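Here's the structure, in structure tokens; my notes come after.
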Amino acid sequence: MEYRKLGTSGIQVSVLSLGSWLTFGKQITDATAEELMITAYEGGINFFDNAEIYSRGQSEIVMGNILKKLNWDRSSYLVSSKVFFGLGDTKPNQRGLSRKHVVEGCHAALKRLQVDYIDLFFCHRPDKSTPIEETVWTMHNLIQQGKILYWGTSEWNASEIMEAHLIAKQHHLIAPVMEQPEYNMFRRDKLENEFLHLFKHHGLGTTIWSPLASGVLSGKYLEGFPTDTRIGIEGLDWLKNRALAEDRIEKAKGIKKIADQLGVSMVKLSLAWCLKNPNVSTVILGASKVTQLKENLESLDIVAFLTEDVMHQIEFVLSNKPLLPEF
Ligand code: NDP
């Protein structure tokens, strides 16, 4: 395993980490979740990603029970939560980034995860109806109280992150350290364009999500529709439609050809492509089976296959490189 600094903070995160969205407390049994965490930890993964909304709190409950049972040294791993969506309830103040919901969300996540503190605490989305200043103060205070160690954002845009930094600087508060954006061969703009200034001048770290675009970049949807997958889960039609969009399948076919020529699996090639970006601090893996996770853990060995020539071939297939202004 390789470890990278989370931006310019002091914390080191394994470059591959394990997430729980749609799997823990939903698609897989608790026994499989435990096996996944053991496989991850033994493979050198030190970061486990979670959120209050995942399976409406159940994902954190499952992960908390496993952490308690396995009793790993608390200093040997990082666990996250994300606040914004609540548990899916819709009364006023049960979601968002107000001081009330952020504090209550933190307390509830601590209980579900059965830990004394959360290592990485994310604002899961921007809250257009709460002043960013209120959220920055709240996160700073939670750090001062020892309830969280680092805070960050997810799917915020560059100007929102920048505003949080400016407020933190103005009041001598602790600024956000990391952002959690989607990043994969289909979604590149934030990592490769919008955030470049934040990487260079504000030391932003990233914990990127959906590196396989929900499994499409494993190649398994290129010939038919396997039944035991996440996009077959009832109520996830939006994900299915996005995942199986024609242009994605076409590009995936081209990536598969390159993987075949290199003699590597498409999964490993797609994950290695994410790992190659130095602005990625950690690639959060999702897996519903232990065999998948074991394969994904081998992707680090494939980064060396991504020569300039191979990257050009991939670029040709994707044809979506963000355009940067010329100087
Ligand atoms: P991926 O895009 O990598 O999708 C993971 C899914 O792909 C697996 O559950 C599995 O689905 C399939 N898969 C994984 N490995 C293989 C393999 N070797 N062969 C075949 N299929 C495979 O990541 P996720 O979308 O799960 O995102 C990762 C994590 O990021 C989440 O768990 C969560 O922690 C975080 N996240 C954060 C978000 C945010 O807004 N901040 C949003 C979404 C995710 P299947 O069961 O179908 O086979």
Side-chain angles (χ1 to χ4, degrees), residues 13 16-29 32-33 36-37 39-40 43 45 47-55 59-60 62-63 78-85 113 120-126 152-156 178-187 190-191 206-223 225-233 236 238-240 242-244 248 252 256 259 264-275 280-299 302:
V13 63
L16 293 170
S17 43
L18 180 66
S20 54
W21 179 54
L22 297 178
T23 50
F24 286 42
K26 198 176 178 90
Q27 190 187 356
I28 63 176
T29 63
T32 302
L36 284 171
M37 285 186 67
T39 305
I45 283 180
F47 167 41
F48 299 94
D49 187 60
N50 223 317
E52 59 180 5
I53 187 63
Y54 293 172
S55 304
S59 174
E60 291 185 338
V62 171
M63 191 176 275
L78 311 170
V79 65
S80 75
S81 180
K82 304 185 203 87
V83 65
F84 176 82
F85 293 104
L113 290 165
L120 310 180
F121 197 43
F122 293 86
C123 299
H124 208 158
R125 290 291 180 272
T153 56
S154 178
E155 294 299 332
W156 282 31
M178 67 284 175
E179 154 69 21
Q180 186 167 133
E182 181 178 7
Y183 184 56
N184 54 52
M185 288 181 175
F186 305 134
R187 293 296 295 265
K190 286 196 168 188
L191 256 286
T206 59
T207 64
I208 63 114
W209 62 269
S210 281
L212 295 176
S214 271
V216 176
L217 288 166
S218 71
K220 68 176 151 206
Y221 299 108
L222 296 184
E223 288 150 23
F225 185 60
T227 48
D228 62 337
T229 69
R230 71 163 51 166
I231 64 174
I233 298 175
L236 289 182
W238 63 270
L239 185 66
K240 184 177 173 182
R242 189 168 84 151
L244 303 185
R248 290 192 170 200
K256 171 89 170 67
V264 302
S265 77
M266 192 170 153
V267 164
K268 292 187 206 171
L269 182 69
S270 304
L271 294 173
W273 181 90
C274 296
L275 289 166
V280 168
S281 315
T282 183
V283 171
I284 312 180
L285 302 171
S288 59
K289 298 178 183 66
V290 174
T291 46
Q292 292 176 346
L293 180 59
K294 285 187 173 158
E295 178 180 14
N296 301 358
L297 280 167
E298 290 171 6
S299 57
I302 306 306

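In what follows, residues are counted from 1 in the order of the sequence shown. As the structure lists them, so they are numbered: ligands from 1, and atoms in each ligand from 1. None of these values were measured; they are calculated from a predicted model.
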Working to the nearest 0.5 Å, report the span between [atom1] of [X] and [atom2] of [Y].
X      : Y      : atom1 : atom2 : answer
Lys220 : Gln292 : NZ    : CD    : 5.0 Å
Gln27  : Leu236 : CD    : CG    : 9.0 Å
Ile45  : Leu16  : CD1   : CG    : 5.5 Å
Asp49  : Ser80  : CG    : OG    : 3.5 Å
Leu275 : Ser299 : CG    : OG    : 5.0 Å
Glu52  : Glu60  : CD    : CD    : 7.5 Å

* Non-hydrogen atom of Glu182 closer than 4.0 Å to ligand 1 ->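 Judged by the 4.0 Å heavy-atom criterion, Glu182 does not count as contacting ligand 1.
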
* Asked: Are Tyr54 and ligand 1 in contact, using a heavy-atom cut-off of under 4.0 Å?
  ->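 Judged by the 4.0 Å heavy-atom criterion, Tyr54 does count as contacting ligand 1.
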
Can a side-chain donor-acceptor contact be found between [Y] and [X] if the only test is distance below 3.5 angstrom?
X      : Y      : value
Ser59  : Asn50  : yes
Lys26  : Tyr54  : no
Arg230 : Ser288 : no
Thr23  : Ser20  : no
Glu179 : Thr206 : no

Atoms of ligand 1 less than 4.0 Å from [X] heavy atoms?
X      : value
Val267 : 17 (C), 18 (N), 19 (N)
Gln180 : 35 (C), 36 (N), 37 (C), 38 (C), 39 (C), 41 (N)
Ser20  : 32 (O), 34 (O)
Ser288 : 9 (O), 45 (P), 46 (O), 48 (O)
Gly19  : 32 (O), 34 (O)
Ala213 : 2 (O)
Lys220 : 12 (C), 20 (C), 21 (N), 22 (C), 45 (P), 47 (O), 48 (O)
Ala287 : 8 (C), 9 (O)

Using heavy-atom distances only, which candidate in [options] approaches [atom] most closely?
atom                    : options                        : value
atom 17 (C) of ligand 1 : Lys294, Lys268, Gln292         : Gln292
atom 4 (O) of ligand 1  : Gly219, Ser214, Gly232, Ser299 : Ser214
atom 14 (C) of ligand 1 : Ser270, Gly215, Gly286         : Gly286
atom 6 (C) of ligand 1  : His124, Glu179, Arg230         : Arg230

* To do: Taking the side chain as every heavy atom from C-beta outward, state whether Thr207 and Ser17 have any pair of such atoms under 4.5 Å apart.
  =>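 The answer is no; the side chains never approach within 4.5 Å.
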
* Asked: Considering all heavy atoms of both residues, which atom of Ile302 and which atom of Lys268 are nearest to each other, and what is their separation?
  ->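 Between these two residues, the closest heavy atoms are CG1-CB, 3.7 Å.
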
Examine the proximity of ligand 1 to [X] and report which part, side chain or backbone, both or neither, has a heavy atom under 4.0 Å away.
X      : result
Leu18  : neither
Ser154 : side chain
Ser265 : neither

[X]-ligand 1 polar pair, N/O distance under 3.5 Å:
X      : result
Glu155 : no
Ile231 : no
Thr23  : no
Trp21  : yes

* Residues that Lys190 engages under side chain to side chain contact (heavy atoms under 4.5 Å, CB included), provided they are two or more places apart -> Glu155, Pro181, Glu194, Phe195

How far is [atom] from its nearest protein heavy atom, and which residue and atom is that?
atom                    : answer
atom 15 (N) of ligand 1 : Asn296 ND2, 3.0 Å
atom 34 (O) of ligand 1 : Asp49 OD2, 2.6 Å
atom 40 (O) of ligand 1 : Arg125 NH1, 3.0 Å
atom 27 (O) of ligand 1 : Ser210 N, 3.2 Å
atom 29 (C) of ligand 1 : Ile284 CG2, 3.5 Å
atom 30 (O) of ligand 1 : Trp209 CB, 3.2 Å

* Is Lys240 positioned over the aromatic face of Phe225, cation under 6.0 angstrom from the ring centre and no more than 45 degrees off axis? ->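 Here Lys240 passes the 6.0 Å and 45° test against Phe225.
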
* Proximity of Phe122 and Trp156 rings by center, below 6.0 Å ->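 No.
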
